[in-house]
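Just so it is clear, the model here is predicted, and its values are computed rather than measured. Note that the numbering runs from 1 along the sequence shown for the chain.
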Amino acid sequence: MLKRLINRAEKEELRLAPFIGIGCPGRIDGDDRSKPAHRTCREIGESSRFNLPASLLGAIPRIGDHETTILMHNDAVVQGPERSAVHE
């Protein structure tokens, strides 16, 4: 999906920052291996050798003319649509 979006931006002559930020609730070990609290994150990170930032960097080493920088933060809160709206 990211590669598709990068290609689309290039076709539209948009200049992207060479940065990918990842928010993953749970615990991240010092070597960037995740111990996520969320079930979906757990499923993709079940291997003790899985390293999401390294995997993404291997797949997307450059964005435009620059090396890609990847940052994963383990204290992210991902929220869905506002649920307090009144529905008529």
Subject >> Connected via hydrophobic side-chain network under 4.5 Å: Ile22 and Leu16 >> reply: yes
Original post:
Mind checking who shares a hydrophobic cluster with Leu5, ILVMFWY linked at side-chain heavy-atom distances under 4.5 Å?
Top reply: Met1
Subject >> Identified side chain to side chain contact (heavy atoms under 4.5 Å, CB included) counterpart of Ile20 within the set Leu71, Leu2, Ile6 >> reply: Leu2
**OP:** State the CD1-CD1 distance between Ile70 and Ile63, to the nearest 0.5 angstrom.
**Re:** 7.5 Å
**OP:** State which residues pass side-chain hydrogen bond (donor to acceptor under 3.5 Å, both in side chains) with Arg8; sequence neighbours excluded, sorted by chain then number.
**Re:** Glu12
Subject >> Residue pair Glu10 / Gly64: nearest heavy atoms and the distance that separates them >> reply: OE2-N, 4.1 Å
May I have the list of side-chain donor-acceptor pairs in residues 54-62 shorter than 3.5 Å, sequence neighbours left out?
{"residue": "Ser55", "atom": "OG", "partner": "Asn51", "partner atom": "O", "Å": "3.1"}
{"residue": "Arg62", "atom": "NH2", "partner": "Asp65", "partner atom": "O", "Å": "2.4"}

